[in-house]
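Contents: one structure, followed by commentary.
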Amino acid sequence: MLEIKNLHARIAEDGTEILRGIDLVVKPGEVHAIMGPNGSGKSTLSYILAGKDDYEVTEGDIVYNGQSLLDLAPDERAAAGVFLAFQYPIEIPGVATMTFLKTALNAQRKARGEDELSTPEFMKRVKEKSAELQITMDMLKRPLNVGFSGGEKKRAEILQMALLQPSLCVLDETDSGLDIDALKVVSDGVNRLRGPDRSFVVITHYQRLLDHIVPDVVHVLSKGRIVKTGGPELALELEQKGYADFVDAAA
Amino acid sequence: MTIEPRTLETRAETDLAEAYYRDRDALPGGVAVAGIRKSAFDAFRRSGLPHRRVEEWKYSDLRARLKSVPAFAARRSDDDAKAALAALDDVYGAADRYRLVIVDGHFHAGLSDVAALAEAGVRVCPLAEALVEEGESLMRLPQIAAGDAATGLNAVFCADGLVLSLPEGNSLDKPVEIVHALSASAVSTSERVIVAAAKGARATVLETFVGGAEGSFSNTLTDIRAGDEAEVTVARLQAEAAGTTHVGSAVVTLGAETKVKLIGAGIGAGFARHQSFIAFTGEGSRADLLGITMVRAGQHVDQTLVVDHAVPHCDSRELFKTVVGDGAKGIFQGKIIVRPHAQKTDGQMMTQSLLLSDDAEMSLKPELEIFADDVQCAHGATSGQIDEDLLFYLRSRGIPEAEARTLLVLAFLSEAVEEIGEEIVVEAFEERIRAWLAAGA
Ligand SMILES: Nc1ncnc2c1ncn2[C@@H]1O[C@H](COP(=O)(O)OP(=O)(O)OP(=O)(O)O)[C@@H](O)[C@H]1O
Ligand SMILES: [Mg+2]
């Protein structure tokens, strides 16, 4: 279970406050959607969950399965089950995708006290998951994300998620840049991972994604605070009316 | 004795002068060679060791570095040389190759595959013998290298080394490794290796520089004479012990339609100066230079190169990657000269460095001296630190920080490693790079 308690955070470099008291509880098996205007702090929240040190938590806590994440390094958080599908996955020239995938998978297994995967077993898993996400082996022969199209990058993020099998999946605008067919492929990929022990935080601007990945709870984030929480119908309402009502209410 | 044109100022300079007076009669070569040594020594007496006010050496003050110069090593017995070698890393391990062994500056034919090479049509001659027979031509260097302080000192003191002669059209079936090993006692060495590839010959030469002790001073010179249509790859790996001072010069002369690839990896020594001099003397040739350097913990490493396009229609490519860790200093000086009639020259030089800590230092000095108008030349230089966003991405996937940094350093070097093109070199270098990174983690 993820519990975010009164989370305040600012940009480490210049002290600008971005998150101003976020409370959020995501139980195992639940899917929570976070929507909100540009610049409201959605990506910042996702980065802070993953442990990016550009941000400083000034108040509050993030507790995952009884343990504060704030004390953990990004790789320790990953080993504890946290995964962030980035809004803008970065290209890493010179790092072969396959080497990266294997290193990441085995590092997490090692951190959890499990044996490393054999190369054939690893290859089998990669082939299976990439086929499901319609990622060609050709793409995987390239350096990590290098030259991938916007949509390919997003699919590659979901491939990583499917391989690493995290228990808390944070998806930051995974739908942006995907064509209609790819949106379906990616959503199916996410839905295959849904289960009683896995939680999702899905950040998106569009109801369209939530047609495929149906959320249990929808939140509206504005100016660093959750200003409204509701069921899936809230997303439909936003789609029609925009954010004006909620944002004004918060101000 | 006539008037002293300049008083030798430092203890190291006095040591070198004394070594010359003591050893000169015993140094190999006839009258002509002795004359070359004498005029090189006179030049040394005039200018002393190179220091920061000598433009080409301004980042690598050898005079300040050398507190003293230990005596030049005498030839060891084959047994002693073998023991010294056994104590050192065998960089190429089980890889299939011919092996030629130089210990403390002296060639040990008894420990080398001279007979096997002879069977393949390739002659190996100890330099000490060759200097007696044909000394003057063997000592001659192209103009861009001849005036250098280190090649000059090598001319004064080179007592041995070897000449590897590939006859016309010879295509060697295996690489030749030339091991330059230093024993564990502090000595000075000054060997010279000459690789002479006649027309159309093809070979890969692996030079490894290993061993040494605190205070060792080696000043080696490898003179590669690649004739018309020859194709020669020389991969040099300098992995000497931490306290040594290593000066290594690679001098390359290309004929017409010749291809030379010169690969240099430097990770060892306390103070290292790797210099390359490339002279194009025939049209239609190409030289590829690759540099992979990794230093840390107070090491000083200098990569200096001069590429002389003296004739038209030649290409040169230089890619130098330097990783500088805590408290270390890296230097790149690269100069491409295009002479007035060297039209259609294509020279591209790139140097990139990765600084691993705030107290790591890198000096970059790329230069183009172009006197012809119809040429394509460019240079680029970058210097940066590990990208925190890339690091975060890798760590967010569960890769611990040290391992993530290793991946990013390997990624930085990968472009140069991929250009090596010789599998056994790639494997040996990658192993070294990983060991280096593991040692720092
Ligand atoms: N490292 C940073 N340096 C400077 N400003 C930052 C930094 N990170 C976030 N911000 C600022 O904080 C605010 C919130 O940014 P964030 O990326 O979290 O918004 P978002 O809700 O994800 O927006 P979008 O919907 O456009 O993706 C923005 O004004 C942004 O410019
Ligand atoms: Mg965002």
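In what follows, chains carry the letters A, B, and so on, assigned in the order in which the sequence lines appear, proteins first and then strands, with residues in each chain numbered from 1. These numbers were taken from a predicted model, which means no experiment stands behind them. In what follows, every heavy atom counts, from backbone to side chain, and hydrogens, waters and symmetry copies are set aside.
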Next item on the list: Work out which heavy atom in B:Glu403 is nearest to a heavy atom in A:Thr103; give both atom names and the distance.
Entry: OE2-CG2, 3.2 Å
Next item on the list: Taking all heavy atoms of B:Arg397 and all of A:Leu84, pick out the closest pair and write down the distance.
Entry: NH1-O, 2.6 Å
A quick test of your reading: do over 12 heavy atoms of other residues, nucleotides or ligands sit less than 6.0 Å from [atom1] of [X]?
X: A:Glu121; atom1: CD; value: yes
X: B:Gln376; atom1: CD; value: no
X: A:Arg142; atom1: CZ; value: yes
X: B:Arg434; atom1: CZ; value: no
X: B:Lys259; atom1: NZ; value: no
X: A:Gln165; atom1: CD; value: yes
X: A:Asp115; atom1: CG; value: no

Check: How many angstroms lie between CG in A:Asp54 and CD in B:Glu388, if you round to the nearest 0.5 Å?
Finding: 8.5 Å
Notebook entry, point to check: Roughly how far, to the nearest 0.5 Å, is CD1 of A:Ile90 from CZ of B:Phe392?
Noted result: 9.0 Å
Check: Heavy-atom distance under 4.5 Å to chain A: side chain of B:Glu418, backbone, both or neither?
Finding: neither
Of all of [options], which one pairs up most often with chain B through heavy atoms under 4.5 Å apart?
options: A:Ile92, A:Leu105, A:Thr99, A:Asn106; value: A:Ile92
options: A:Gly51, A:Ala73, A:Ala79; value: A:Gly51
options: A:Ala107, A:Pro74, A:Ala78; value: A:Pro74

Next item on the list: Could you look at A:Glu76 and say if it's the side chain, the backbone, both or neither that has a heavy atom under 4.5 Å from chain B?
Entry: neither
Checklist line | Residue A:Ala50 versus chain B: region with a heavy atom under 4.5 Å | finding: both
Note to self: For a side-chain contact (heavy atoms from CB on, under 4.5 Å) check, start with the C-alpha distance between B:Tyr393 and A:Leu144, then their side-chain angles and the critical distance, and finish with the verdict.
What the structure shows: CA-CA 11 Å; B:Tyr393 187 91; A:Leu144 190 56; 3.8 Å; yes
Check: Are B:Asp389 and A:Lys52 side-chain neighbours, meaning at least one heavy-atom pair lies under 4.5 Å?
Finding: yes
Item checked: B:Glu415 (side chain) donor-acceptor with A:Gly94 (main chain) under 3.5 angstrom -> no
Item checked: Selection from B:Ser414, B:Ala404, B:Ser396 maximising heavy-atom pairs under 4.5 Å formed with chain A -> B:Ser396
